[in-house]
Visitor: 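Let me begin by handing over the structure; questions about it come next.
All values below were derived from every heavy atom in this structure, side-chain atoms included, with hydrogens, water molecules and symmetry-related copies excluded.
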Amino acid sequence: MKIIILPEWDGLEVKAILFSRLSLSRAMVSRLKRIKNGILLDGENVTVRKKVSVGQTLSIYTDDTEDEVNPNILPCELPIDIIYEDDNIAVVNKPSGMPTVPTYKHRNDTLANAMAYIYKNSGKPFVFRPVNRLDRETSGVVLVAKNKIASDVCSKDFRNHSYVKTYLALIEGKPENDKGIISGYIKRSTPSIIKRELVHEGSPSEFSETSYELLKSNGQISLLKLIPITGKTHQIRVHLSSIGCPILGDGLYGKYSNIISRCALHSFSLIMKIPFSDDEKTEFTADIPEDMRTVINELL
């Protein structure tokens, strides 16, 4: 990654640019200091205390190496829609039925496999770095970092709740209130390694919160817009089930449906600041998939 020093940075130390302009974590800056050619100024190795001048080029090492590549992620040609892409990130519309990462049951049909195929001829080792993940049946927006630096910045922004994610869900029934916040403590259901449950406060549970708004309803089925304020595993599914309105087709927290063949949850939009850009926050959206759109058009 190369950055031209702007007039407003004249006289600053390199570390000020790394921390404030690039928003790198201290761990990442420490890593760059340890590796060969990690930080260069006009092609010369420098310390983070080096002061910069207008027009100089600051280079940050972002390339992956072959030993960092996961050999279990094989390139496979699979249909995915890339909504946005630059040198640092890709925003992808993941289809329902596709896991985000490989598991013992899904080795060659994941988003990781699909992206490995897209980048296999790039001339660079491919390391899959999803910033957020979606369940296999959940469709919609997934943010993928294309290098270590972008991954560091995006993950930091997610932890700081700088991003806003919006989901759409078809649910059974209708909430008591048209708008509200569902909150509570989530923990793993014993003895399951997958299922979660909402409990009273106490270790090892974690606090969770989701905002919702009713968009359409026929009394039996409703369409909700949801914004997870926290980001816990299965949070939206657990929260909706807890108020007696499980997601349509969610066999784990509700029941399977003859109206739609999967859990009707869609990651509709992501509002974020594009890393290393001067732009204000940008919204990326993924079209509502056909199966959910059919239910909405025909039944609501």
Visitor: Take Asn70 and Ile73 through the test side-chain contact (heavy atoms from CB on, under 4.5 Å) and record every step on the way to the result.
Guide: CA-CA 6 Å; Asn70 185 341; Ile73 299 179; 3.9 Å; yes
Visitor: Where do Ser222 and Gly173 come nearest, in terms of heavy atoms and distance?
Guide: OG-O, 2.6 Å
Visitor: Any chance CD of Glu8 has more than 12 other-residue heavy atoms, nucleotides or ligands included, within less than 6.0 Å?
Guide: yes
Visitor: Tell me whether the count of non-hydrogen atoms from other residues, nucleotides or ligands lying under 6.0 Å of CD in Glu77 goes above 12.
Guide: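 Atom CD in Glu77 is not packed in, count stays at 12 or less.
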Visitor: Any ion pair linking Lys148 and Glu68 (charged N to carboxylate O, less than 4.0 Å)?
Guide: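 Salt bridge flag = yes for Lys148 with Glu68.
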Visitor: If you link I, L, V, M, F, W and Y whenever their side-chain heavy atoms are under 4.5 Å apart, who else ends up in the same group as Ile181?
Guide: Ile229
Visitor: Does CD in Glu44 sit with more than 12 non-hydrogen atoms of other residues, nucleotides or ligands closer than 6.0 Å?
Guide: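 For Glu44, atom CD is not crowded (no more than 12 foreign heavy atoms under 6.0 Å).
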Visitor: Donor-acceptor check, side chain of Ser205 to backbone of Ile186, threshold 3.5 angstrom: yes or no?
Guide: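 No: the side chain of Ser205 does not pair with the backbone of Ile186.
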Visitor: So, are Asp109 and Arg136 salt-bridged, with charged N and O less than 4.0 Å apart?
Guide: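 Arg136 and Asp109: not salt-bridged.
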Visitor: Hey, are Asn147 and Asn88 close enough side-chain-wise for a donor-acceptor pair under 3.5 Å?
Guide: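 Yes, a side-chain donor-acceptor pair sits under 3.5 Å.
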Visitor: Where the side chain of Tyr253 meets the backbone of Arg196, is there a donor-acceptor pair that is under 3.5 Å apart?
Guide: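 Side chain of Tyr253 to backbone of Arg196, a donor-acceptor pair under 3.5 Å: yes, one is there.
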Visitor: Determine whether Leu6 and Val54 satisfy the following criterion, side-chain contact (heavy atoms from CB on, under 4.5 Å), listing intermediate values before the conclusion.
Guide: CA-CA 5 Å; Leu6 301 176; Val54 177; over 6 Å; no
Visitor: Where do Phe207 and Tyr185 come nearest, in terms of heavy atoms and distance?
Guide: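 Taking Phe207 first and Tyr185 second, the nearest heavy atoms are N-CD2, 3.6 Å.
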Visitor: So which heavy atom on Ala286 is nearest to which on Ile83, and how close?
Guide: CB-CD1, 4.1 Å
Visitor: Can you confirm whether Lys174 is buried at NZ, in the sense that more than 12 heavy atoms of other residues, nucleotides or ligands lie under 6.0 Å from that atom?
Guide: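 Yes, the 6.0 Å shell around NZ holds more than 12 heavy atoms from other groups.
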Visitor: Are more than 12 heavy atoms, taken from residues, nucleotides or ligands other than Tyr256, located less than 6.0 Å from that residue's OH atom?
Guide: no
Visitor: If only atom types and distance count, is the side chain of Thr210 paired as donor or acceptor with the main-chain N or O of Ile236 below 3.5 Å?
Guide: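 No, the answer is negative, given that no donor and acceptor are paired below the 3.5 Å cut-off.
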Visitor: Any sub-3.5 Å donor-acceptor pair from Glu137's side-chain atoms to Cys263's backbone N or O?
Guide: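 Yes; judged by distance alone, with no hydrogens or angles, the pair exists.
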Visitor: Treating Asn113 as the side-chain partner and Thr110 as the backbone partner, does any N or O pair qualify as donor plus acceptor under 3.5 Å?
Guide: yes
Visitor: Please determine whether a side-chain nitrogen of the Lys or Arg among Lys50 and Glu13 lies less than 4.0 Å from a carboxylate oxygen of the Asp or Glu.
Guide: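 Not counted as a salt bridge, because no side-chain N and carboxylate O are separated by less than 4.0 Å.
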Visitor: For the pair Ser30 (side chain) and Arg26 (backbone), establish whether a donor and an acceptor sit closer than 3.5 Å, ignoring hydrogens and angles.
Guide: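 Looks like yes, one N/O pair under 3.5 Å.
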Visitor: Just wondering, more than 12 heavy atoms not from Asp287 lying within 6.0 Å of its CG?
Guide: no
Visitor: Only counting residues at least two apart or in another chain, list the ones meeting side-chain hydrogen bond (donor to acceptor under 3.5 Å, both in side chains) with Lys94.
Guide: none
Visitor: Testing the 3.5 Å rule here: is there a donor-acceptor pair between the side chains of Tyr61 and Asp63?
Guide: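 No.
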Visitor: Can any side-chain N or O of Thr103 pair as donor or acceptor with the backbone N or O of His106 at less than 3.5 Å?
Guide: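 Present.
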Visitor: Tell me, do Leu143 and Leu270 make a side-chain contact under 4.5 Å, heavy atoms counted?
Guide: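 They are in contact (side-chain heavy atoms under 4.5 Å apart), so the answer is yes.
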Visitor: Side chain of Ser20, backbone of Ala16: donor and acceptor closer than 3.5 Å?
Guide: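 Side chain of Ser20 to backbone of Ala16: a pair is present.
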Visitor: Taking Pro246's backbone N and O only, do any of them form a donor-acceptor pair with Asp250's side chain (distance below 3.5 Å, no angle check)?
Guide: no
Visitor: Determine, stepwise, if the pair Tyr117 / Leu78 fulfils side-chain contact (heavy atoms from CB on, under 4.5 Å).
Guide: CA-CA 8 Å; Tyr117 179 86; Leu78 300 166; over 6 Å; no
Visitor: What distance do Asp135 atom CG and Met98 atom CE have between them, rounded to the nearest 0.5 Å?
Guide: 15.0 Å
Visitor: Do you know the tightest heavy-atom contact between Ile4 and Trp9?
Guide: O-CZ3, 3.5 Å
Visitor: Rounded to the nearest 0.5 Å, what's the gap from NE2 on His234 to NE2 on His239? Could you check?
Guide: 13.0 Å
Visitor: Please report the shortest heavy-atom distance between Ser23 and Val153, naming the atom on each side.
Guide: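 Of all heavy-atom pairs spanning Ser23 and Val153, the closest is O-CG2, 3.9 Å.
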Visitor: With a 4.5 Å cut-off on side-chain heavy atoms, are Ile39 and Val48 touching?
Guide: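 In contact.
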Visitor: Which is it for Arg188 and Glu197 under the salt bridge (Lys or Arg N to Asp or Glu O under 4.0 Å) test, yes or no, and what are the steps along the way?
Guide: CA-CA 6 Å; Arg188 181 177 291 163; Glu197 61 182 340; over 6 Å; no
Visitor: Could you walk me through whether Thr282 and Lys273 pass side-chain contact (heavy atoms from CB on, under 4.5 Å), step by step?
Guide: CA-CA 6 Å; Thr282 301; Lys273 185 181 185 303; over 6 Å; no
Visitor: Ile274 versus Phe284: any side-chain heavy-atom pair under 4.5 Å?
Guide: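 The answer is yes; the side chains approach within 4.5 Å.
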Visitor: Within the structure provided, determine whether Val142 and Val91 are in side-chain contact (heavy-atom separation under 4.5 Å).
Guide: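 A side-chain contact under 4.5 Å is absent here.
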Visitor: Please determine, by modelled atom types, if Ser139 and Ser96 share a side-chain donor-acceptor pair under 3.5 angstrom.
Guide: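 Side chains of Ser139 and Ser96: no pair found under 3.5 Å.
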Visitor: Taking NZ, NE, NH1 and NH2 as the nitrogens, is one of them in Arg262 or Asp291 under 4.0 Å from a carboxylate oxygen of the other?
Guide: yes
Visitor: Answer yes or no: is there a side-chain heavy-atom contact under 4.5 Å between Phe126 and Val69?
Guide: no
Visitor: What's the spacing between Gln56 CD and Leu41 CG if we round to 0.5 Å?
Guide: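 It is 4.0 Å, given to the nearest 0.5 Å.
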Visitor: Using only atom types and a distance under 3.5 Å, with no angle test, would you say the side chain of Asp178 pairs donor to acceptor with the backbone of Leu214?
Guide: no
Visitor: Within this structure, what is the CG-CD1 distance for the pair Asp10 and Ile5, rounded to the nearest 0.5 Å?
Guide: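 So the CG of Asp10 and the CD1 of Ile5 are separated by 9.0 Å.
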Visitor: What distance do Lys146 atom NZ and Ile89 atom CD1 have between them, rounded to the nearest 0.5 Å?
Guide: 9.0 Å
Visitor: Determine whether more than 12 heavy atoms belonging to other residues, nucleotides or ligands lie under 6.0 Å from atom NZ of Lys281.
Guide: yes
Visitor: What are the two closest heavy atoms between Cys76 and Asn108, and how far apart are they?
Guide: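 Scanning both residues, the minimum pair turns out to be SG-O, 3.5 Å.
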Visitor: Is the gap between the ring centers of Tyr167 and His266 under 6.0 Å?
Guide: no
Visitor: Supply the atom-to-atom distance Leu224 CG to Tyr212 OH, rounded to the nearest 0.5 angstrom.
Guide: 8.0 Å
Visitor: Would you call Leu111 and Pro130 a side-chain contact if the rule is heavy atoms closer than 4.5 Å?
Guide: no
